[in-house]
S.K.: 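Have a look at this one.
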Amino acid sequence: MRLWLVLLLLNFAGCFSIKGPESVRGLEGCSVSVQCQYTPGWENYKKWWCRGAEWESCHNLAETDGSEQEKKVDRVSIRDNQSHLLFTVTMEEVRQSDTDTYWCGISRSGPDLGTSIKVTIDPVNMVLSTSASPRSRTTTSRSTEVTSDSYIRNHYILLVFLKVPVLLMLVGAVLWLKASQELPVYRNLSSDLVRDTAP
């Protein structure tokens, strides 16, 4: 009974020997990297990455050999950085079908150590719909056309109701000044004519 309790406590303590993010998200067609940290003492142990909701039946995708050398299987690579006490798993060219529960783990005698991570792969069109689409660009160009049309209309109204009257007033003022300068000449001529014709 005491032996069973000791083993249970050791396994429970082992849960804190490795940790990773609860979840990560990636974009379809890109790469997703996950870093899993471990406590000192596990540097030279094999690290692994497996897929599946159930710990006992998860499918092992990649595993180190206890060194820092990168190991790659298909689209998955794993590399241990023993000086920083973490290992990195990279999944390349991910697909929506890669969305699942995965496990970071450390091989050891007895039950392995591990922690689960939820990986979600979003479709590309989901990201495109949040960015500027051709429709919104068309709307932008239409608004630009509307803006230019309103500018032309406003300019025409300004021309008819402000610029033309001002121009007519200026022309009228110039003609009036010109006429007022010529009138004294006519007056002087008419007075001279009167004097000449007087007996």
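Keep in mind that this is a model prediction, so the values were computed, not measured. Heavy-atom basis, side chains included; hydrogens, waters and symmetry copies ignored.
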S.K.: What class does the angle between the rings of Trp49 and Tyr102 fall in, given that below 30° is parallel, 30 to 60° is tilted and above 60° is perpendicular?
M.R.: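 Aromatic pair Trp49/Tyr102 classed parallel.
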S.K.: Verify whether one side chain among Trp103 and Asp112 offers a donor that lies under 3.5 Å from an acceptor in the other.
M.R.: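 The criterion, which ignores hydrogens and geometry beyond distance, is not satisfied for Asp112 and Trp103.
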S.K.: Leu86, Val34: one ILVMFWY side-chain cluster at the under-4.5 Å cut-off?
M.R.: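 Looking at the clustering, Val34 is in a separate group from Leu86.
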S.K.: Evaluate the criterion side-chain contact (heavy atoms from CB on, under 4.5 Å) for residue pair Glu43 and Leu85; output intermediate values, then yes/no.
M.R.: CA-CA 7 Å; Glu43 291 89 339; Leu85 301 175; 3.2 Å; yes
S.K.: Are there more than 12 heavy atoms of other residues, nucleotides or ligands under 6.0 Å from atom CD of Glu93?
M.R.: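 Incorrect, the count does not exceed 12.
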S.K.: So which atom in Ile117 and which in Ser23 form the shortest heavy-atom distance, rounded to 0.1 Å?
M.R.: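 Heavy atoms of Ile117 and Ser23 come nearest at CG2-CA, 4.3 Å.
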S.K.: Quick one: CD1 on Ile18 to CH2 on Trp42, what's the gap to the nearest 0.5 Å?
M.R.: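 Reported value, rounded in 0.5 Å steps: 10.0 Å.
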S.K.: Please check: side-chain N/O of Lys47 versus main-chain N/O of Tyr45, any donor-acceptor pairing under 3.5 Å?
M.R.: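 Pair found, side chain donor or acceptor close to backbone of Tyr45.
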S.K.: Would you say the side-chain atoms of Thr120 pair up with the backbone N or O of Thr99, donor to acceptor, closer than 3.5 Å?
M.R.: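 Not a single qualifying donor-acceptor pair exists.
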S.K.: Given 3.5 Å as the limit, does a donor-acceptor pair link the side chain of Arg75 with the main chain of Glu92, or not?
M.R.: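 Yes: the side chain of Arg75 pairs with the backbone of Glu92.
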S.K.: Please find the pair of heavy atoms, one from Ile121 and one from Leu27, that lie closest to each other, and give the distance.
M.R.: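 The pair with the smallest heavy-atom distance is CG2-C, 4.1 Å.
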S.K.: Please find the pair of heavy atoms, one from Ile106 and one from Tyr38, that lie closest to each other, and give the distance.
M.R.: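 Nearest heavy atoms, Ile106 then Tyr38: CD1-CB, 3.7 Å.
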S.K.: Do you know the tightest heavy-atom contact between Ser116 and Thr101?
M.R.: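 Residues Ser116 and Thr101, closest heavy atoms: CB-CG2, 4.1 Å.
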S.K.: Report whether Ile78 and Val32 are members of the same hydrophobic cluster (ILVMFWY, side-chain heavy atoms less than 4.5 Å apart, transitive linking).
M.R.: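 Yes, because Ile78 and Val32 connect within a single hydrophobic cluster, where side-chain heavy atoms sit under 4.5 Å apart.
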S.K.: To the closest 0.5 Å, what do you measure between CG (Asp100) and NZ (Lys118)?
M.R.: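 Interatomic distance, Asp100 CG to Lys118 NZ, rounded to 0.5 Å: 6.0 Å.
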S.K.: Answer with yes or no whether the hydrophobic clustering places Val89 together with Val24; edges join I, L, V, M, F, W, Y residues whose side-chain heavy atoms lie under 4.5 Å apart.
M.R.: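 Same cluster.
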S.K.: Write down the atom of Asp65, the atom of Ser67, and the distance for their closest heavy-atom approach.
M.R.: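 Shortest heavy-atom contact: OD1-OG, 2.5 Å.
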S.K.: Taking only residues at least two apart or on different chains, which pairs with a member in residues 67-121 satisfy disulfide (SG to SG under 2.5 Å)?
M.R.: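 As it turns out, the disulfide (SG to SG under 2.5 Å) pairs with a partner in residues 67-121, which skip direct neighbours, are Cys36-Cys104.
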S.K.: Does any N or O in the side chain of Gln82 come within less than 3.5 Å of the main-chain N or O of Gly66, such that one atom is a donor and the other an acceptor?
M.R.: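 Yes; at least one donor-acceptor contact below 3.5 Å.
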